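What follows is a single structure, written as structure tokens, with notes after it.
Throughout, a chain's letter reflects where its sequence line sits, starting with A, and its residues are numbered from 1. Computed from heavy atoms alone, side chains included, the values below leave out hydrogens, waters and symmetry copies. None of the values given here were measured: they were computed from a predicted structure.
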Number of protein chains: 2
Amino acid sequence: MTTAARYHAPVPRPSVEAERRKQILDAACAMIAKHGLQELRVAEVATAAGLSSGTVHYYFDTKKELVNAAFEYNFANSLERRKWLRRAAGDPLERLREIIESYLPGKGKSLRAWRVWAELWAEGMRDPALRAVNESLYGQWRDLVRDTIAAAQHEGSAREGDPEQLANMLIGMVDGLAMQVLLHARAMPQQRMRETCAAFIDQLVAAKGD
Amino acid sequence: MTTAARYHAPVPRPSVEAERRKQILDAACAMIAKHGLQELRVAEVATAAGLSSGTVHYYFDTKKELVNAAFEYNFANSLERRKWLRRAAGDPLERLREIIESYLPGKGKSLRAWRVWAELWAEGMRDPALRAVNESLYGQWRDLVRDTIAAAQHEGSAREGDPEQLANMLIGMVDGLAMQVLLHARAMPQQRMRETCAAFIDQLVAAKGD
DNA sequence: TCGATAACTGAATGGCGAGTCAAGTATTAG
DNA sequence: CTAATACTTGACTCGCCATTCAGTTATCGA
């Protein structure tokens, strides 16, 4: 053949990869939150995303890869949804209360995110990659809470004490109580979790004469 | 037929069921702690118990049944191992510290039990039967901590405040921090969890002039 | 329209593992 | 020893589902 095709600039279709990946990961998170990792089916993710199973594998070689990416996506989303918390001005103590409020397992996105996290925790006990994702969120969350407490102390609206330790107490408490809320424990509906966290802040963080 | 076999008292072999079930459930817990529910294999449980897979199915019709029983077994074991905490005499505040110490995810039995619990949490978000198991432990644990705090208050070694709420703060914190310890979070090794819990008791539970 | 590549499809494959079962073995009282 | 029942085995079946792949379609610049 004399095909002197070399004059043709290779002009492929523009990439839709970024968009498609998001679409798939979003569906994956939804399915993980709904049915758990245990019963996650690649075909189901595909359907939920309006695609064929083949397409999912076009973007993610294995199920494991898909799941890990979904966890990271869920993590990134959590951060994204809470960017405003960093910039927020005003009374740091009040801001701390808002931060905690925003982390209560509520409805919609928040509930979904918590469920996915709970799955990650279980799976993370074995998978180092998932542990790294947890490390990231845990770290960022702790930093946010610690800095806010420190700011309140600086302002005099919070009593003295190691802010990192206080932050660890608070986020540990939030995680543990959230788990019980997710499990629909009778003794721990969302409202009680809210009150319990608020009481902690009032009693241990806020300055006495507040 | 002339088979007047009715004079034979039906005398079966004595049951080894109780023993065998324990043996299987213990192996199941070990496997759940080691590999997670995700990769739990009935055949593997059988091998770990020194039995054939057929025998496991002789005592547990389905895998789900086995798993649920294993969770209950793990729960019952936790209670059993901590019976002494109820009876223990002496300074209630000191007892509270011992209780928390005994719940730190340490080595051996304790670590295994925590891992199994973490799996139960994830699974419990969908399975009502497992939620009931959680409800039971959570309830008993909360009662133990609440009563101990109340006793300390009665004695004057703990400050005033709703003991149930304080108990919820403390056990929530323990659960959340334990999760991070299990995940090997850099910022939360076992020793830091110990310190953090101790600090909570010192600062929020213990009476000022203690 | 063509050539080139990206994106997509869904039927087919292959492996895995829960659950079954027919065939044993063990222990008892009589 | 015999009959009765409890217990045990492990090879086999059968369905499910991740993954593959040969083929199709879409979109681009020229």
Side-chain angles (χ1 to χ4, degrees), chain A residues 1-28 31-32 34-71 123 127, chain B residues 1-28 31-32 34-71 123 127:
Chain A
M1 307 284 222
T2 61
T3 63
R6 63 187 161 121
Y7 290 118
H8 285 287
V11 181
R13 195 169 161 176
S15 176
V16 294
E17 181 167 336
E19 182 194 348
R20 200 62 79 242
R21 283 177 71 97
K22 269 196 183 182
Q23 180 183 356
I24 294 170
L25 292 175
D26 206 68
M31 291 303 104
I32 291 171
K34 193 171 185 186
H35 303 298
L37 264 192
Q38 201 76 214
E39 302 181 34
L40 184 70
R41 301 287 171 261
V42 172
E44 194 183 22
V45 172
T47 302
L51 300 166
S52 71
S53 72
T55 299
V56 172
H57 276 102
Y58 182 78
Y59 292 100
F60 301 94
D61 283 352
T62 65
K63 183 181 178 179
K64 186 162 193 41
E65 203 180 303
L66 166 65
V67 166
N68 283 23
F71 281 134
E123 204 59 15
D127 185 336
Chain B
M1 309 276 227
T2 62
T3 63
R6 62 189 164 116
Y7 291 118
H8 285 287
V11 181
R13 193 170 163 177
S15 176
V16 294
E17 181 167 337
E19 181 194 351
R20 200 63 80 244
R21 284 177 71 98
K22 270 196 182 180
Q23 180 184 358
I24 293 170
L25 292 175
D26 207 69
M31 292 301 105
I32 291 172
K34 193 170 185 185
H35 304 298
L37 264 192
Q38 200 75 212
E39 303 181 32
L40 185 70
R41 301 288 170 260
V42 172
E44 195 183 22
V45 172
T47 303
L51 300 166
S52 71
S53 72
T55 299
V56 172
H57 275 103
Y58 181 77
Y59 292 99
F60 301 95
D61 283 352
T62 66
K63 183 181 177 177
K64 186 160 191 41
E65 203 180 303
L66 166 64
V67 166
N68 284 24
F71 281 135
E123 204 59 14
D127 185 335

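Rounded to an integer number of Å, the gap from Glu17(A) CD to dA26(D) P is 21 Å. Per the geometry, CD1 belonging to Ile24(A) stands 11 Å off C1' belonging to dA7(C), to the nearest Å. Spacing between atom CG of Leu37(B) and atom C1' of dG17(C) amounts to 16 Å, rounded to whole angstrom units. Spacing between atom CD of Gln23(B) and atom P of dC7(D) amounts to 13 Å, rounded to whole angstrom units. If you measure from atom CG of Leu66(B) to atom C1' of dG17(C), you get 14 Å, rounded to the nearest angstrom.
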Practice prompt. In sequence, state the C-alpha distance, the side-chain angles, and the governing distance for Leu25(A) and Phe60(A), and then conclude on side chain to side chain contact (heavy atoms under 4.5 Å, CB included).
Written response: CA-CA 10 Å; Leu25(A) 292 175; Phe60(A) 301 94; 3.7 Å; yes

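Residues His35(B) and Glu39(B) come closest through the heavy atom pair O-CB, 4.0 Å. In terms of heavy-atom proximity, Val45(A) sits nearest to Ile24(A) at CG1-O, 3.8 Å. Residues Arg21(A) and Tyr59(A) come closest through the heavy atom pair NH1-O, 3.4 Å.
Direction change of the helix axis from one end of the helix from dT1(C)-dA30(D) to dG30(C)-dC1(D) to the other is 20°, with five pairs defining each end axis (rounded to 10°).
Atom CG in Leu40(A) sits 12.5 Å away from atom NZ in Lys34(A) (nearest 0.5 Å). Rounded to the nearest 0.5 angstrom, Gln38(A) CD and Ile32(A) CD1 are separated by 12.5 Å. Taken from CG in Asn68(A) to OG1 in Thr62(A), the straight-line distance is 8.0 Å, to the nearest 0.5 Å. Separation of atoms CG (Leu37(B)) and CG (Leu37(A)) is listed at 11.0 Å; rounding is to 0.5 Å.
Applying the side-chain contact (heavy atoms from CB on, under 4.5 Å) test to Ala43(B) and every residue at least two apart in sequence or in another chain returns nothing.
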Pairwise N/O distances under 3.5 Å, protein to nucleotides 15-18 of chain D:
unit_1	atom_1	unit_2	atom_2	d
dC17(D)	OP1	Arg41(A)	NE	2.5
dC17(D)	OP1	Arg41(A)	NH2	2.9
dC17(D)	O5'	Arg41(A)	NE	3.3
dA18(D)	OP1	Leu40(A)	O	3.4
dA18(D)	OP1	Lys63(A)	NZ	3.1
dA18(D)	OP2	Val42(A)	N	3.0

Output a table of nitrogen or oxygen pairs between the protein and nucleotides 11-15 of chain C separated by less than 3.5 Å.
none

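Taking 4.0 angstrom as the limit, Thr55(B) places a side-chain polar atom (N or O) nearer than this to OP1 or OP2 of dT9(D). Dashed line: the shortest gap from a side-chain N or O of Tyr58(A) to OP1 or OP2 of dA7(C) is under 4.0 Å. An OP1 or OP2 oxygen of dC8(C) is reached within less than 4.0 angstrom by a side-chain nitrogen or oxygen of Arg20(A).
Note on residues 43-70 of chain B: pairs passing salt bridge (charged side-chain N to carboxylate O under 4.0 Å, His left out), not counting sequence neighbours, are Lys64(B)-Asp127(B).
Tyr59(A) comes within 4.0 angstrom of the backbone, heavy atoms only, and of no base.
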Check residues 48-55 of chain A and write down every donor-acceptor pair under 3.5 Å in which the side-chain atom is one partner and the other belongs to a residue at least two apart or another chain.
unit_1	atom_1	unit_2	atom_2	d
Ser52(A)	OG	Thr55(A)	N	3.4
Ser52(A)	OG	Thr55(A)	OG1	3.3

